[in-house]
Chemist: 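Right, I'll just put the structure down here and ask away after.
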Amino acid sequence: MALSWAVLAPGAWPQDAPGLIEEVVVTATKREQGLYEVPASLSVFDGDELGERGIADLVDVGKFVPNLAVTTFSAGHTSSANPFIRGIGTQDHLITTDPGIGVYVDGVYLGRQVGQHWNLSNIERVEVLRGPQGTLYGRNAIGGAINIITAAPGSEPGARIGARIGSRGRVNADFHGDANLGDGLAATLSFGIQRRGGIGTFRNLPDADVEVGETRDLFGRLALAWQPSPAFGLTLAADANDGGNGLNPYTTLIDEVSGGAVYAAGYRNSDLAADPYDNNTGQADQLRVTNAARGLSATAEWAFADRWTAKAIGSVRRSKYRAGLDDDGFLDDFLSFPEQGEADQASIESQLHGDFDAWHLVAGFLHFSEDGANLQDPTVFLGAQGRFELSQVVESTALFVNGSRELGSRWRLSGGLRATRDEKRATTDVGTGTVSAEHRWRETSWDFAIHYAATDRLGAYGTLQSGYQSGQFPARPYCLFSDPACFTASDNITALNAELGLKGQPWDGWELSAAVFHTRYEDLPYQVSATAGEGFNTVNLIVEQETTGVEWESSMHLTRALRLHVAFGYLDVKVARQQGVRPVAPLTPELTLSISPEYRRTLSNGGELEARLDYAYRDGMWGEPSSDPARLTRIGSRALLNFHLGYTAPGGTWNAALYGRNAGDERYDHARLNTGDYLLRILSNDASEFGLRVEREI
C-alpha cells in the first residue's frame, strides 16, 4: 500500500493523460451498474485481461484477488476448485458439504466443487464479490460470490480461432463464433480442447497411459438469442465439458506421524516415491480422474411497461466424476478410496425490476433442487475392504427484495431482505447399515448500505449485511460405529458483516478500491477428518469465527504507456476455543498481494506491443482447521511470477504473445491433512510453463 501512495503523489502525475481508465459496467447487483456505484468489495477481470494474466480457470483467478485463495483438493481431482474468500470456503467435496462461495455462470448457480474448474476461454468478464451476499445470492454465498459472464449472442459478430503451444506438452485450441442470423436471431458457438502433460510418473505402473497431473479436457457452449421486439428477448444456452485427467499430485508422509497404524504395520516414507511428484501406487484403477458436466439454461426478459421489466432464468445441470486416492501412495493396497459421484440440479429464478427517477427495485423468487450421491467401492482401510455410500436431496426456496433510492445528487440508500427455506434428506451406509436423516432450516437475511458520490467518478460506502447457509450432515460419518445417533445436521450458519469502502478515480489515470471490514460467523462448520477404528471419519466442528480485514486494489498510469496494478489483502481471523483447543481457519492466508506492471505502445503501422509481469504472493496458511504444535499441516508461503509479451496487428485482426506461467517453477502445497495415522499433502499441479499464444479473426 505504501508503494501505491508513494508513486501516486499528485505532482508526479502526467498532466496530458485524461480519460485513461474507463469505469467498468458490472451486474453484481443483478442489474447493470457502474463499478464505482456498487456498495461492496468487488474485483473484475475482462476477457482480454484474463488472457494476458495467464488466467485460464478459477485457480488462476485466486492468485490475483485480495483475500481470495483457490485450491484443488477434492479426491485428487484436477478439475475441482475450492475457493476461500475472507476465510470462508470448504475443503471437502462430498454431496453433504456446501461451498461457502457461490459460483455462477450467467446467473446459474454451480452447486458442486468438482467441475467448477470452469474454462475461462471466450469469457466477457469475471466478477468476484467479497463478503456475505445473502440478499441477492442466497444461502451459499456467506463468504462471497464469483460471477462468470459470457459474451451475449450478437454482441460482437465474427469468428476467431486461438491456439496455445508450450512446454510440458501444452496444446490448446479453441474457436468462438458470433453471428446475427436475421429476424432478431443471433448465436454464439464456442468449443475447444486443452491438453497438458503431467508433473510426475506412476513408478510401479510402467504401462500407465496417463501421467500424474496430466490434463485432457474438451469443452463447448452454444447460445441462441431471439429478440422479436425491443421489449422481449429469450436466450437459450447449452454447455458441456469432459475431462480425462491424471490423478492430482500428492504424497503421504508416514514417519512424521509415527505411532499410527500405517507406521505400526511396517510402512515408512522409504516406501514412497523419492520425488513427491511421482507416485508409487500399485492400483491401476486409480490413475485416471474423469469429470463430465452438461447444462441447459433459458433466460427470458420482458419490458412489459415503461418502468417495469420481468426476467426469468431456468436451468438444469448434471455432473459426474470418477476419482479417488490411494492414500498410502505405495505399492501395497493398504489405504485406498476409489470414488465416484454425481449430482443433478435444477433451478428457476424469477425477477421483477422497477426503474424510476429516484429508485430501483428488484424482487424475486428462487427454487433450487439437487439430488446427488457418492460411492466408494471398495474402500481399503488398513488392509480391510469395505464400502461407503452417501446421498442427499436438497430443496431450497427463497423470496427476496432489494431496493435503492437516490437522496439528492450525492447520496443513495439501499437495502434488502431474503427469506429462505431449506430441506435436506440424507442417507449413508458406512458398513453399519443404511441410516437416513432429514432437517429443515429457515432464515431471513438482510442488508443495508449507504453510498456517497464525492464526484462523478469517486464514491464511498458503508454497509451492514447478513448471510445464511443451511447446516450440513457429516461427510464421512464413520462415527456411526461408536455412536448410532451421530448422523445429524448442524444448525443454521449465519454471518454479519460491517464494511466501509472507497472506490473510483481520485483523478484521471488512477483507479482504486479500498475496504475495511469485520465479519462474525456463528455455527460455522469446519470439516475435521481423522482415521477411526473402522474408517476415515469426517465430522463438523462447529465454531464461532470473527474476521477483520483490509483490501486494496489500484490501477495507475505512471505514463500513457506504463500502468501498474496493485492488489493487497490482510486478514486477522479469530476462532473461539473448542474444548480447550483453538482451531484455525483452513486455507486462509493472512496476507495476499499481487503487483502487475503493464507496458503498451502503439507502433507507426497501427499495431500495438504489450508487455506485462504478474507477481502473486500468498502467505503461509494452515491446511486444515487443526493448528497442531508440530506444524505438520502448515503450508508455506508462495510467490508466483507470470509474464506476457505480445503484439496485436493493426485493426486487431490477429495477435500473438510469448508467455510464461510460474516462471520461477515455484512448487507448493494446495492442502495438508493430518489423519493421526499419516500426513496427506495435496501438491500443486502448477509447475512452470512457457509457450506461444496466437489468435486470429476468420
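Position 1 is the first residue of the sequence; numbering continues from there.
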Chemist: Can you name the nearest heavy-atom pair linking Gln469 to Pro99, along with the distance?
Modeler: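 Nearest heavy atoms, Gln469 then Pro99: NE2-O, 3.5 Å.
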
Chemist: State, to 0.1 Å, how close Pro83 and Ile146 come at their nearest heavy-atom pair, and which atoms those are.
Modeler: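 Pro83 and Ile146 have their closest heavy atoms at CB-CD1, 4.2 Å.
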
Chemist: To the closest 0.5 Å, what do you measure between CD1 (Ile142) and OH (Tyr468)?
Modeler: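 Here the interatomic distance stands at 10.5 Å.
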
Chemist: Between Arg317 and Asp239, is the salt bridge (Lys or Arg N to Asp or Glu O under 4.0 Å) condition met? List the steps.
Modeler: CA-CA 9 Å; Arg317 191 165 192 85; Asp239 69 84; 3.0 Å; yes

Chemist: In terms of ring plane angle, is the pair Phe304 and Trp302 parallel, tilted or perpendicular, where the classes change at 30° and 60°?
Modeler: tilted

Chemist: Between Gln133 and Gly131 (side chain of the first, backbone of the second, donor and acceptor by atom type, cut-off under 3.5 Å), is there such a pair?
Modeler: yes

Chemist: Just how far is it from atom OG of Ser369 to atom CD1 of Ile348, taken to the nearest 0.5 Å?
Modeler: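 Separation between the atoms: 11.0 Å.
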
Chemist: Can you confirm whether Thr427 sits close enough to Leu390 that some side-chain heavy atom of one is under 4.5 Å from a side-chain heavy atom of the other?
Modeler: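 Not in contact.
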
Chemist: Any side-chain heavy atom of Phe45 sitting closer than 4.5 Å to one from Val61?
Modeler: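 Phe45 vs Val61: side chains touch.
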
Chemist: Mark yes or no: Arg421 above the aromatic ring of Trp441, with NZ or CZ under 6.0 Å from the six-membered ring centre and no more than 45 degrees from the axis.
Modeler: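 No.
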
Chemist: Could you check Arg418 against Asp447 for salt bridge (Lys or Arg N to Asp or Glu O under 4.0 Å), going step by step and ending with a plain yes or no?
Modeler: CA-CA 9 Å; Arg418 188 184 190 101; Asp447 66 60; over 6 Å; no

Chemist: Going from OH on Tyr104 to CD on Glu127, what distance comes out if it is rounded to the nearest 0.5 angstrom?
Modeler: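 It comes to 13.0 Å.
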
Chemist: Could you tell me whether Phe356 and Trp308 have their ring centroids closer than 6.0 angstrom?
Modeler: yes

Chemist: Ring pair (Phe, Tyr, Trp, His ring centres under 6.0 Å), that's the test. Do Tyr137 and Tyr109 meet it? Break it down for me.
Modeler: CA-CA 9 Å; Tyr137 289 93; Tyr109 173 64; 9.9 Å; no

Chemist: State whether Glu546 and Lys574 are salt-bridged, where the test is any N-O pair (Lys NZ or Arg NE/NH1/NH2 against Asp/Glu carboxylate O) under 4.0 Å.
Modeler: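 The answer is no: the pair does not qualify as a salt bridge.
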
Chemist: Verify salt bridge (Lys or Arg N to Asp or Glu O under 4.0 Å) between Arg442 and Glu423, making sure each step is shown before the conclusion.
Modeler: CA-CA 9 Å; Arg442 293 177 183 271; Glu423 179 179 357; over 6 Å; no

Chemist: Ion pair present between Asp98 and Arg139, side-chain N to carboxylate O less than 4.0 angstrom?
Modeler: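 Answer for the salt bridge query: yes.
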
Chemist: Hey, is the main chain of Arg125 close enough, under 3.5 Å, to the side chain of Asp46 for a donor-acceptor pair?
Modeler: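 Side chain of Asp46 to backbone of Arg125, a donor-acceptor pair under 3.5 Å: no, none is there.
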
Chemist: Any chance the side chains of Thr548 and Asp572 put a donor and an acceptor closer than 3.5 Å?
Modeler: no

Chemist: Can you confirm whether Lys503 sits close enough to Pro39 that some side-chain heavy atom of one is under 4.5 Å from a side-chain heavy atom of the other?
Modeler: no

Chemist: So, taking the atom named OG in Ser396 and the one named CD in Glu370, what distance separates them when rounded to the nearest 0.5 Å?
Modeler: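 If I round to the nearest 0.5 Å, the distance is 10.5 Å.
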
Chemist: Test the Arg86-Phe517 pair against the cation-pi criterion, namely NZ or CZ under 6.0 angstrom from the six-membered ring centroid and within 45° of the ring axis.
Modeler: yes

Chemist: Check this for me: Arg410, atom CZ, are more than 12 non-hydrogen atoms of other residues, nucleotides or ligands nearer than 6.0 Å?
Modeler: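 Result for CZ/Arg410: enclosed.
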
Chemist: Identify the two heavy atoms, one from Pro625 and one from Tyr526, that lie closest to each other, and give their separation to 0.1 Å.
Modeler: CB-CD1, 3.4 Å

Chemist: Please check this pair: side chain of Ser445 against backbone of Ser466, looking for a donor-acceptor N/O pair closer than 3.5 Å.
Modeler: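 Answer holds: no.
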
Chemist: Can you find a heavy atom in the side chain of Asn291 that is under 4.5 Å from one in the side chain of Asn241?
Modeler: yes

Chemist: If only atom types and distance count, is the side chain of Lys424 paired as donor or acceptor with the main-chain N or O of Gly471 below 3.5 Å?
Modeler: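 Yes, Lys424 side chain to Gly471 backbone: donor-acceptor pair under 3.5 Å.
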
Chemist: Is there a side-chain contact between Thr428 and Glu389, using heavy atoms and a 4.5 Å cut-off?
Modeler: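 Thr428 vs Glu389: side chains apart.
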
Chemist: Please state whether the rings of His93 and Tyr321 are parallel, tilted or perpendicular, taking 30° and 60° as the class boundaries.
Modeler: perpendicular

Chemist: Residues two or more places apart in sequence or in another chain: which of them pass side-chain contact (heavy atoms from CB on, under 4.5 Å) with Ala40?
Modeler: Val38

Chemist: Quiz question: by atom type and distance under 3.5 Å, do the side chains of Arg672 and Thr633 form a donor-acceptor pair?
Modeler: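 Not at all, the side chains of Arg672 and Thr633 share no donor-acceptor pair under 3.5 Å.
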
Chemist: Test your reading of the model: is there a side-chain donor-acceptor pair from Asn492 to the backbone of Asp523, 3.5 Å cut-off?
Modeler: no

Chemist: Do the side chains of Asp371 and Arg318 get close enough for a salt bridge, i.e. N-O under 4.0 angstrom?
Modeler: no

Chemist: Indicate yes or no: at least one non-hydrogen side-chain atom of Asn537 is less than 4.5 angstrom from one of Arg476.
Modeler: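 Not touching, per the 4.5 Å side-chain cut-off.
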
Chemist: For Thr71 and Asn82, which I'm curious about, is there any donor-acceptor pair between the side chains at under 3.5 Å?
Modeler: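 Short answer, no.
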
Chemist: Contact between Leu480 and Phe487 at the side-chain level, heavy atoms closer than 4.5 Å - yes or no?
Modeler: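 In short, these two side chains touch, coming nearer than 4.5 Å.
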
Chemist: Determine, step by step, whether Asp344 and Lys320 satisfy the salt bridge (Lys or Arg N to Asp or Glu O under 4.0 Å) criterion, reporting the C-alpha distance in whole Å, the side-chain angles of both residues, the deciding distance to 0.1 Å, and the verdict.
Modeler: CA-CA 9 Å; Asp344 294 318; Lys320 59 182 180 179; over 6 Å; no

Chemist: May I ask you to decide whether Asp357 forms a salt bridge with Arg307, counting only side-chain N to carboxylate O separations under 4.0 Å?
Modeler: yes

Chemist: Can a donor-acceptor pair be found between the side chains of Glu342 and Gln340 at a distance below 3.5 Å?
Modeler: no

Chemist: Rounded to the nearest 0.5 Å, what separation is found between the CD1 atom of Ile101 and the CG atom of Leu58?
Modeler: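 CG of Leu58 is found 11.5 Å from CD1 of Ile101.
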
Chemist: Testing the 3.5 Å rule here: is there a donor-acceptor pair between the side chains of Asp92 and Gln527?
Modeler: no

Chemist: Listed by chain and number, what are the side-chain contact (heavy atoms from CB on, under 4.5 Å) partners of Val573, not counting sequence neighbours?
Modeler: Gln545, Thr547, Leu571, Val575, Ala585, Thr588

Chemist: Could you please spell out the steps behind the side chain to side chain donor-acceptor pair (under 3.5 Å) verdict for Gln33 and Thr27?
Modeler: CA-CA 6 Å; Gln33 199 172 14; Thr27 53; over 6 Å; no

Chemist: Under 3.5 Å, is there a donor-acceptor pair linking the side chains of Glu499 and His518?
Modeler: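 Short answer, no.
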
Chemist: Using the rule given for side chain to side chain donor-acceptor pair (under 3.5 Å), can you reason through Ser347 versus Ser315, listing the C-alpha separation, both sets of side-chain angles and the distance that settles it, and then say yes or no?
Modeler: CA-CA 5 Å; Ser347 64; Ser315 74; 2.8 Å; yes

Chemist: Roughly how far, to the nearest 0.5 Å, is CG of Leu361 from CG of Asn402?
Modeler: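 Reported value, rounded in 0.5 Å steps: 8.5 Å.
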
Chemist: Verify the distance criterion only: is there a donor paired with an acceptor across the side chains of Arg130 and Ser43 at less than 3.5 Å?
Modeler: yes

Chemist: Go through the side-chain N and O atoms of Ser490 and Gln472 and say whether any donor and acceptor fall under 3.5 Å apart.
Modeler: no

Chemist: Examine the side chains of Arg112 and Thr97 and answer whether a donor and an acceptor come within less than 3.5 Å of each other.
Modeler: no

Chemist: I'd like to check Tyr36 versus Tyr461 (side-chain heavy atoms, cut-off strictly below 4.5 Å). Are they in contact?
Modeler: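 No; the side chains remain at least 4.5 Å from each other.
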
